[in-house]
Structures are given as C-alpha cells and as structure tokens.
Amino acid sequence: MPDYKPTLNLPRTDFAMKANLAQNEPLSQRRWDGCGLYERLTAARSAAPRFVFHDGPPYANGAIHTGHLLNKVLKDIVVRSRLLVGKACPFVPGWDCHGLPIEHRVMSGLVESGRIERLAALDEDARRVAVRNECARYAQKHIALHIATLRRLLTIADYEHPYLTMDPAYEAGALGLFAELVERGLVFRQLKPVHWSPANRTALAEAELEYEEREDPSIYVDFEAEDRAAVERAFGVELDTTPSFMIWTTTPWTLPANLAIAVNARHRYALVEIDGSTTVIASDLVDRVAAAAKAEKVARLAETTGSALLGLGYRHPFIERSGRIVAAEYVTLEDGTGLVHTAPGHGEDDWRTGLREGLEIYCPVDEAGRYDETAPSFLRGVEVWTANDLVIERLRESGHLFHAARIVHSYPHDWRGRTPTIFRATEQWFVGVDRSVDAGAAGGGEGSSGTLRERALEAIGSSVRFVPEWGRNRMRGMLESRPDWCISRQRAWGLPIPAFRLPDGGVFMTAASVRAVAAAVAARGSDAWFREDPETLLATYEPSSDPHAPPGLKVGALRKMHDIFDVWFESGASWQAVLRGRELGFPADLYLEGSDQHRGWFQASLLPALGSVGAAPYRTLVTHGFIVDKEGRKMSKSLGNALDVEDLLRDFGADVCRWWVSSLAYENDIRLDLEFLRLAGESYRKVRNTLRFLLSNLDDLPQDDRAEAPDPRSIDGWILGETARVQRTVLDAYERFEFRTAHLAIFDFCNETLSATYCAAVKDRLYCDRRDAPRRRRTQRAMREILHVLCRLLAPILPHTADEAYRALIRDAEACVHEQVVRPIDHAQEPGWSAVLAARAAAQKSLEAAKADGIENPLDAMVVLPDPEGRLEAFLPELADLLGVSRVALDRAAQRVAVVDLRDQPRCERSWRRDGTVRARSDGGLLSDRDAEAVGVT
RNA sequence: GGGCUAGUAGCUCAGAUGGCUAGAGCGCACCCCUGAUAAGGGUGAGGUCGGCAGUUCGAGUCUGCCCUGGCCCA
C-alpha cells in the first residue's frame with residue numbers, strides 16, 4: 001500500500017507551540033526599545049485624534065507588587081487599545097517621590113549607620129538638605145527598579161521621560177497651582193492639634209509613633225453646673241444642691257484647655273447621687289463608675305437623653321471660665337462616664353468638635369511641653385508631665401475630684417527617643433472647602449463662584465463619567481463629609497510651602513511671592529528653599545507691584561518657615577505640572593486607579609483644579625478593586641500571603657499575567673492565587689495553539705494571493721462573518737473599558753468558533769486537497785484574514801504573543817503589530833448559518849449515541865439530517881466537513897438525525913473518508929476521487 | 001460605629017424593568033482521534049443562587065435583619 005502521508009499538505013510553522021515567555025518576552029521588549037516604538041508611535045500619530053490618559057503616580061518605595069501589576073496592566077490595555085484604533089495616546093508614567101515613608105526609611109538608615117550623629121553638627125537647613133539628598137537618592141533607586149519591572153510587564157510608556165514629583169519643573173508647577181489657590185482666597189492658616197514630641201520639640205506623623213505601655217492617672221472630675229434650674233428642667237426634678245457633670249480623663253494636664261464637655265445625643269444620661277455628690281453620668285456607666293470609685297451610696301434621681309443636656313453650662317473647676325455641653329457622635333459607652341472632657345487644642349476629635357461649635361482652638365502648652373503665660377499661675381512654666389499631679393492636687397483641694405486612680409494603657413511615644421508624645425495645637429496651612437472661590441481674582445477661572453465643595457459635588461454629579469457607576473455615589477459621600485484639607489507637614493522631605501515670618505511675628509505669603517519662589521524652584525529645585533536666603537528666593541518678587549504685600553515689607557527682614565506640602569497636594573497637581581506643563585492635553589480623558597483614590601488622588605486632583613481653572617481635570621474615572629488572596633482576605637507581606645511579581649513573571653510570563661488581568665471583573669475585589677494564573681496559562685495556550693494552527697496552514701500561500709470575498713454560504717464566508725462580529729464586539733468592549741468582555745469574546749472565538757468548529761472542519765481540505773485547489777486557497781485566504789484581525793485584537797492584552805504571531809504571519813522579523821491599526825472588515829452574515837450550526841449540534845449528539853452501536857469514529861458514518869424547509873440545501877457542500885463525517889444527506893421528511901454505518905464501504909487510504917467515490921487507483925491504492933486527483937493518479 | 005461594595009456549580013464569571021426544569025468557559029469524568037500531538041474533538045456529571053424573615057400568584061432578581069470579605073473614614 002502506497003504511503004500517502006508525504007503527499008499531504010501538513011501544517012508547518014516556526015511559531016512554536018511552547019511559548020517560553022520568560023525567555024522570549026524580554027527579547028520582544030528589547031526589540032521594541034531598540035526601534036524606539038513609543039517614539040515612533042508618537043511621531044506617527046502626531047496628527048491623529050488624541051486620547052489623553054494620565055497616569056497616577058505610585059509611591060517611589062519598595063518593589064512593584066501585585067496591585068501595581070493589576071493597575072499598570074489595565075492602564076496598558078487602555079493605551080494599546082487606543083493606539084489600535086489609530087489614536088495618539090501619549091502616556092507619561094509618574095512617581096510620587098516625597099513624603100514620610102521615604103524620609104522615615106532614610107532616617108532609620110542614618111540612625112543605624114550612625115551617620116545621624118555627623119548631621120547633628122550641621123545647622124538646621126544644611127541638615128535638611130543632607131537628609132533630602134539621601135531621600136532623593138532612595139527614590140531614584142526605587143523608580144529605576146519599578147521601571148525595570150514595568151518594562152518587563154510589557155507596558156508601553158514614555159519611560160525615558162517619566163514625571164517625578166521631585167523634579168524642579170514639577171515642583172514649580174505645583175507651586176504655580178498653589179499660587180492660584182492663594183490668589184482665590186482658598187488658603188488659610190489655622191491651629192490644629194498634631195502629635196508632638198516635647199523632648200525633640202517636633203511634630204510627628206502617625207507612622208513615627210510607637211505605642212508603648214505607660215502608667216497614667218485615671219481621674220473622675222466633677223464640673224459644676226452653671227445653672228441649677230436648667231439642669232432641673234432637663235431631668236424634670238427639683239434639687240436642693242447644684243449638680244455637676246462628671247468627666248473622666250487620663251490626661252489631667254489637658255484640663256486647663258478644657259472648653260466643652262461632649263455627650264452623645266442618643267445616649268441616656270442619669271442624674272445620680274453618688275457618695276454625697278449629685279452629678280450626671282451616662283445611665284449605662286453609673287454602676288461602672290460607682291465600682292471604680294468603690295462608691296457606697298448610689299441613688300439614681302432621674303434620667304434624660306443626651307440631647308436634653310446640650311447647651312447646659314458648667315464652670316471650669318479651677319479657671320474663671322464657663323463651658324457648655326456639646327454633642328459628639330464619637331462619645332461611646334465603652335469607658336469613662338459618657339461625658340467627654342473636650343480640649344480642642346489637645347485632640348483630633350476635640351478639635352473637630354471645637355471647629356463645629358465655634359470654640360477657640362486653645363493650647364496653653366509650648367513646644368517644649370511647658371505651660372505658657374495664658375495658663376493659671378500654678379502651672380506657668382511647668383512641664384505637662386509634672387502638671388498632672390499639680391492638677392489633681394488642685395482638684396482634690398477644691399472638692400472637684402470625685403476619684404483618682406492609676407491606669408496602665410498603650411500610649412504613643414516618639415519613635416526615636418521613646419519619650420511620650422502629646423497632642424498640641426500648632427498652626428497649619430489649609431485649603432478651605434467651604435470658602436467661596438474668589439472668581440474675581442486675576443487669572444480668571446471660569447465657572448460660577450461657589451465653594452470648592454459645591455463645585456466638586458456639581459462636577460462629579462454631572463460632568464464626570466464613573467466606571468463603575470457606583471463610584472459617583474461613593475465619591476459624593478466622601479466629598480459631602482470631608483473636612484478642610486490640611487496641606488502642611490513638619491518634615492524635611494517634601495516641597496516647601498514658601499511662607500515667610502515677618503519681623504512682627506506675622507506670616508507673609510501672597511500669590512506673587514509664591515510665584516517668585518516657584519521661579520527659583522524651577523531653576524534650582526526645591527533645595528533652593530533650604531540653601532538660599534529670602535532675598536535670593538524672592539529675587540523676582542517686587543513688593544510695590546503686589547497689592548497684597550504688607551506695607552513696608554522688607555524682603556531682607558523675612559525669615560523662611562519650614563512647613564512642607566502634604567504629598568497629596570503635590571500628586572494632585574500632576575494635571576497642571578504634567579498634562580498642561582507638557583502640553584499633553586487638558587482635561588484628561590481618563591484617570592484609572594484603585595478605588596481608594598476616590599478619597600486620595602482623585603480628590604487631591606479635583607479640588608485644586610476646581611479652585612484654579614474651574615473644571616475637573618478628568619472626564620472619566622475608572623476604578624479597580626484590590627487584590628485579595630484565595631480566601632478573599634487582604635494580601636500583605638505581614639500575612640505571608642503576598643505573591644512576588646518577579647516570581648510571577650518568571651514562572652508564568654507577562655502575557656499570561658496580562659491574560660489573567662484581562663479576564664477579571666476588575667471593579668470588585670480580585671482573588672489571586674498561583675492556581676488562577678496556572679488556569680490563565682492553560683487558556684492562553686488554547687489561544688496560542690489556535691494561532692499556531694492558522695499560521696501553520698499558511699506556509700505555502702503565496703504572499704500576493706488575492707481574491708474576491710468568498711460566498712457567504714461557504715464555510716469561509718461564515719468564518720469571516722464571525723470574525724467581523726468578534727472584531728466589533730472586542731473593539732466596542734475596549735472602548736468601554738470592558739476588557740473582560742473582550743477577553744471572553746476572543747477566547748470563545750479561538751476556542752469554539754475556530755478550534756472546535758472551523759479549524760476542525762477545514763482540516764480535510766487543507767491537508768488533502770491539491771495544494772493550489774481553489775477551495776483550499778479560499779480557506780487559506782480566510783485564515784490569513786482571521787490572523788490579521790486576531791493579532792491586532794490581541795495586541796492590547798498579549799503584546800508579546802500578538803507580535804510574535806504577527807511577525808510570523810507577514811514573514812517579517814522587523815514588523816511590529818503595535819504599529820498597526822485595526823483592519824476594516826465587513827463580511828455580511830448569512831442568516832442560514834444558525835440552522836446549520838443547530839443541525840451540527842444535533843448531529844454531534846446523535847454521533848455520540850451511535851458510539852454505542854460501534855460507530856466510534858465519525859468518519860465511519862454518514863449523517864442524514866432532517867431538512868423540512870430545505871434550508872440546509874445551500875450549505876450541503878460544506879456539511880460533511882462541518883460535522884466531521886464522511887457523508888451528509890438531507891431528508892425533507894425526516895424528524896430526527898439518523899446516523900448511517902459506513903464501515904462496510906471502502907475507506908480512502910489518504911483522507912480516511914468513506915465518501916462513496918473510493919476505489920482502487922492506478923498506483924494500487926484505495927483513493928477517493930478528490931485524493932486521486934490531488935495525487936495525480938487515475 | 002458610618003459610607004460605598006461584594007458573596008450564584010471546585011474556579012472565574014453571565015444572569016435589564018421579579019416569570020418556563022438558573023447559563024458559559026475552565027477544571028473534572030467518560031469516550032474518540034493520533035496527519036494542530038507535552039496538541040485536537042465529542043458527551044456528561046456538578047448549584048437549597050451567604051443565612052433568616054417578609055412582600056408577591058411567583059424572587060438569584062424587591063424589602064428588612066444578620067453573617068463573612070474588601071476599600072475609605074470614624
């Protein structure tokens with residue numbers, strides 16, 4: 001029997017089945033970098049419609065983690081899908097460089113290495129510059145690491161020219177924006193309590209605190225009511241003595257700053273007689289207080305609600321001053337008395353309450369932790385820690401001390417000296433959200449007036465698109481309740497707030513002076529603030545032309561102040577410093593970040609933009625969720641369930657990671673486990689093998705082969721119609737940021753439409769038809785067209801694989817799919833195909849059932865399809881291939897599919913089909929007519 | 001404690017305006033192919049739709065409460 005295998009047109013391609021991504025992807029990356037792909041695209045699309053997509057700056061610290069992977073891959077799919085439709089999509093990656101985490105790290109390093117001692121010899125400014133240099137180096141190092149990994153992730157961006165918030169041009173942009181806000185009257189100074197280290201005379205951030213056990217006094221204090229009758233009315237009783245309000249505190253030293261007592265309006269409060277004193281305590285806490293004080297006689301006289309107590313007055317126990325009862329939600333029944341001593345200068349909650357109630361933010365404690373001149377005489381000059389006992393003694397003497405004990409509790413300490421810290425009100429800079437924007441100020445600013453809050457609510461309510469839509473509601477809630485924005489920090493590593501101290505103790509900073517400093521910073525970086533004197537910094541400032549300059553201002557008499565900006569202010573200025581500064585376009589079409597940025601960067605960007613240009617800096621906000629582990633728990637290093645991105649790239653490859661990302665419902669939490677990536681890898685291989693099968697059958701198709709579109713009733717006409725449909729679906733999904741829909745459409749197309757249906761059906765003609773048979777060529781041309789479409793549609797998700805396949809397709813190793821634009825493809829769908837596919841499904845079930853009768857191979861069968869309306873007739877030439885059987889017949893009278901056993905009929909030794917034409921040929925083999933013709937025998 | 005959000009087969013997800021025996025892919029099981037071969041094809045088994053009440057002729061889909069996660073606040 002002749003061996004016919006060599007006469008077949010079997011598949012051939014260099015496109016390997018095994019992707020070897022970890023090894024080959026870096027080669028792709030190098031090839032793209034080598035040809036300057038980003039720059040080439042920028043140049044090629046310079047006149048094209050632009051999609052302005054602005055990157056939010058990750059913090060320049062640590063390594064790229066899985067959250068970055070998610071974020072940056074989603075962004076890259078956006079960029080590449082816009083490039084695919086011919087748009088220009090400049091994408092400048094950014095890094096947030098300043099801030100405490102880096103400064104903290106650097107300081108720890110300096111302490112450990114002992115170099116901190118050497119810095120101590122320097123003056124204040126020189127020390128700051130030295131620390132800043134270290135910080136800058138640290139940031140730079142991590143940015144380089146980030147970029148390397150992001151490149152390895154196959155993201156396309158202007159990595160040669162990233163924006164760094166520590167670059168002079170950026171800093172100047174941020175200061176310019178700040179000047180606008182100053183000009184519009186949105187920036188002001190106000191006291192606010194911060195964590196303070198009396199030992200080091202410095203403000204501390206939350207991260208610089210270490211909580212340690214500490215023993216403190218625990219005292220219950222009676223604050224005498226001012227108006228007995230009012231209390232009687234509140235409780236509906238008559239009394240023969242003036243009652244008091246009982247508070248509990250562990251910081252007696254803050255009592256001199258007491259200005260109010262807070263209650264929870266919803267709780268119940270009791271008027272009690274307890275060991276001789278008549279006082280008010282939360283009903284649920286009476287027993288607890290009595291037990292703590294070992295009180296013997298406790299009698300409840302009456303009860304009322306917290307709201308009934310609001311507004312009642314009391315006398316301060318040792319200062320000539322009155323206070324009143326105010327409401328606060330944070331008052332709980334956990335401990336104490338349910339009445340909270342409130343000192344707006346000594347606590348964050350107290351401060352908020354104070355602002356709301358219009359209380360003074362009073363803080364009689366200086367930076368060394370000693371009372372100032374405003375304190376009562378027995379405390380002046382005394383350290384707060386010593387004051388505790390003095391205060392207690394004074395309360396005891398005057399009969400206001402109900403009970404005193406000691407308590408061991410967790411208390412914040414300065415991370416360096418391990419000394420206890422206090423809350424102390426200091427002057428801070430704020431951007432006011434409820435101040436009306438001074439629209440008349442020079443420089444304009446469109447839009448109506450209104451406050452930042454009003455403008456923000458309006459912007460996100462109408463002019464910004466949210467994906468997912470619920471982001472709008474979430475952000476609205478946050479904007480409605482957000483406080484004024486405290487933009488100052490007392491650190492070294494940051495952008496200085498360019499304010500000066502006047503000789504009279506006042507503060508000098510105007511829009512014009514900020515702009516002058518911005519010019520200096522633009523030229524010499526923000527280190528200039530620490531290196532230069534006020535005259536140099538304000539070289540371009542002219543007091544006589546600044547209407548806001550204080551009279552008689554002498555620049556030489558100014559002293560620099562040393563607050564720096566909150567890093568959120570800096571990153572929030574990116575639209576100004578980058579989009580406008582580099583003329584990339586404003587506002588941005590898109591910001592895409594994790595949903596935590598509804599409070600963070602989105603707001604930090606929105607508020608200043610509304611305050612200066614009067615418009616939101618973005619048109620659309622897309623947010624994604626957070627990576628969690630297999631069980632849905634937060635992923636973190638400390639929990640030990642974090643996955644390393646470098647490991648993932650090595651073990652799975654960037655394309656597989658990206659394929660996984662594209663499959664996600666990214667707006668929710670995202671579970672990640674090695675198992676999921678393994679599954680993504682399998683589905684990736686399905687796509688890859690489909691590409692490979694298509695490519696491997698084009699080996700002999702002449703490059704210049706062209707022909708008219710195939711008959712829509714042919715299988716090739718059908719597949720081209722399907723291809724067009726998939727392209728529409730995928731492009732539409734990309735457009736709407738529904739990458740998952742694109743992923744599914746592509747996968748389903750590769751898996752079902754192509755691999756299981758089309759490719760299986762056309763194998764026979766590809767392998768067995770004469771090489772240049774019209775039917776075979778028609779299929780090859782269809783496959784080539786499919787590949788052109790598929791490579792492009794895959795390019796945003798699988799940059800390496802799509803490019804690899806594309807280069808194999810057009811047989812040009814230098815080609816690049818990423819420079820290609822989507823192909824117009826318009827093939828009509830022949831409506832009869834749905835009946836054909838339904839018949840195919842029915843036939844497959846019948847064939848499966850026929851296995852029981854011994855017909856295990858479909859090529860041993862003929863299928864008779866019922867065709868009552870004759871709808872299948874036009875497709876008859878393709879039906880046998882489509883069903884994978886040897887023959888198909890149609891029967892108008894039949895009700896159901898019939899499978900006919902052909903095993904007694906001769907089988908073609910070349911095509912293995914029993915199509916009824918098989919007979920012995922001149923070469924001695926058994927062949928069908930088609931195969932005899934292909935081999936050239938008779 | 002508050003705002004937003006999620007909980008549907010082992011896994012990832014679909015399931016406008018409430019309406020037939022709740023869908024898809026992967027995985028799994030069984031079978032076929034051995035001319036896509038560390039590939040390919042077919043068939044099939046898997047779910048009390050987080051829990052408990054309620055509204056309704058009828059609820060995965062509406063309401064309330066609860067449980068378990070996530071983000072942001074307090």
Side-chain angles (χ1 to χ4, degrees), chain A residues 4-13 15 17-18 67 264 266 328-332 334 348-349 352 468-483 594-600 602-603 623-635 660 663-665 667-673 675-686 688-697 740-741 743-744 747-748 750-752 754-757 759-761 763-764 766-768 840-841 843-852 855-860 883-884 910-912:
Chain A
Y4 290 113
K5 190 161 175 176
T7 72
L8 296 171
N9 314 304
L10 290 181
R12 243 178 58 123
T13 178
F15 187 85
M17 180 177 284
K18 192 165 180 343
N264 191 317
R266 292 176 308 180
E329 280 295 311
Y330 55 79
V331 176
T332 67
E334 302 274 299
E348 179 100 31
D349 283 340
R352 270 183 231 290
E469 174 60 32
W470 50 256
R472 187 190 310 280
N473 205 9
R474 176 174 155 97
M475 197 161 161
R476 181 189 297 124
M478 290 173 171
L479 281 166
E480 279 168 350
S481 64
R482 74 154 296 149
S595 60
D596 54 338
Q597 303 305 338
H598 282 128
R599 179 169 295 274
F602 294 161
Q603 277 195 46
T623 53
H624 56 78
F626 283 73
I627 305 260
V628 295
D629 71 11
K630 205 176 171 170
E631 268 76 48
R633 312 278 284 218
K634 163 181 6 207
M635 223 178 227
W660 170 75
S663 76
L664 302 168
E667 61 271 27
N668 301 328
D669 298 341
I670 293 137
R671 289 176 191 236
L672 172 56
D673 188 72
E675 178 65 9
F676 303 166
L677 285 170
R678 207 181 56 70
L679 292 174
E682 296 203 15
S683 114
Y684 162 86
R685 274 189 287 285
K686 184 77 196 191
R688 184 177 178 87
N689 269 323
T690 303
L691 291 170
R692 178 167 184 268
F693 180 81
L694 297 174
L695 286 167
S696 67
N697 282 292
R740 183 188 149 66
T741 304
H743 171 107
L744 278 177
F747 180 73
D748 197 54
C750 288
N751 189 29
E752 285 293 317
L754 286 173
S755 185
T757 308
C759 295
K763 267 187 200 176
D764 174 76
L766 288 168
Y767 297 175
C768 303
R840 178 177 181 267
Q844 279 170 335
K845 284 201 174 31
S846 298
L847 285 164
E848 187 69 20
K851 284 182 181 173
I855 310 173
E856 296 191 320
N857 185 339
L859 285 179
D860 291 338
L883 307 200
R910 185 164 177 271
S911 67
W912 302 332

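Here is how names work: the chains are called A, B, and so on, in the same order as the sequence lines, proteins then strands, and each is numbered from 1.
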Q: If only side-chain N and O atoms count, and only distance matters, is there a donor-acceptor pair under 3.5 Å linking A/T13 with A/R692?
A: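 Note: A/R692 and A/T13 side chains miss the donor-acceptor criterion.
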Q: Searching all strands shown, indicate the nucleotide that pairs with B/rA6 (Watson-Crick or G-U wobble; both distances under 3.5 Å).
A: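 B/rU68 is the nucleotide pairing with B/rA6.
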Q: C1' atom, B/rC26 versus B/rC20: distance in rounded Å?
A: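 My reading of the C1' atoms in B/rC26 and B/rC20 gives 29 Å.
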Q: Counting any heavy atom closer than 4.0 Å, what does A/S755 reach on the DNA or RNA strands: base, sugar-phosphate only, or nothing?
A: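 Base contact.
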Q: Any strand is fair game: report the nucleotide pairing with B/rG35 by Watson-Crick or G-U wobble, both distances under 3.5 Å, or none.
A: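 WC or wobble partner does not exist here.
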Q: Can A/Y4 be said to stack with the base of B/rG35, given centres closer than 5.5 angstrom and planes under 30 degrees apart?
A: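 A/Y4 ring does not meet the centre or angle cut-off for B/rG35; no stack.
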Q: Report which part of the nucleic acid A/K634 touches: base, sugar-phosphate, or nothing (heavy-atom distance under 4.0 Å, all strands).
A: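 Sugar-phosphate contact only.
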Q: Syn versus anti for B/rG46, judged by chi lying within 90° of 0?
A: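 B/rG46: syn glycosidic orientation.
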Q: Using a 4.0 Å heavy-atom cut-off across all strands, classify A/D596 as base, sugar-phosphate, or nothing.
A: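 Result for A/D596 = sugar-phosphate.
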Q: Taking the P atom in each of B/rG60 and B/rU21, what is the distance between them to the nearest angstrom?
A: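 Here B/rG60 and B/rU21 have their P atoms 11 Å from each other.
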Q: What contact category does A/R482 fall into here, base, sugar-phosphate, or nothing, at under 4.0 angstrom with non-hydrogen atoms?
A: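 Answer is nothing: A/R482 stays at 4.0 Å or more from every strand.
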Q: Mind checking if A/E675 touches a base, just sugar-phosphate, or nothing, with heavy atoms under 4.0 Å?
A: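 Nothing: the residue A/E675, judged by heavy atoms under 4.0 Å, touches no strand.
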Q: Report yes if the side chains of A/W660 and A/L664 come closer than 4.5 Å at any heavy-atom pair, otherwise no.
A: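 A/W660 reaches A/L664 side chain to side chain.
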Q: For B/rG44, give its Watson-Crick or G-U wobble partner with both distances under 3.5 Å, or none.
A: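 Partner of B/rG44: B/rC28.
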Q: Tell me which one of A/N697, A/L754, A/N689 satisfies side-chain contact (heavy atoms from CB on, under 4.5 Å) with A/C759.
A: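 When side-chain contact (heavy atoms from CB on, under 4.5 Å) is applied between A/C759 and each of A/N697, A/L754, A/N689, only A/L754 qualifies.
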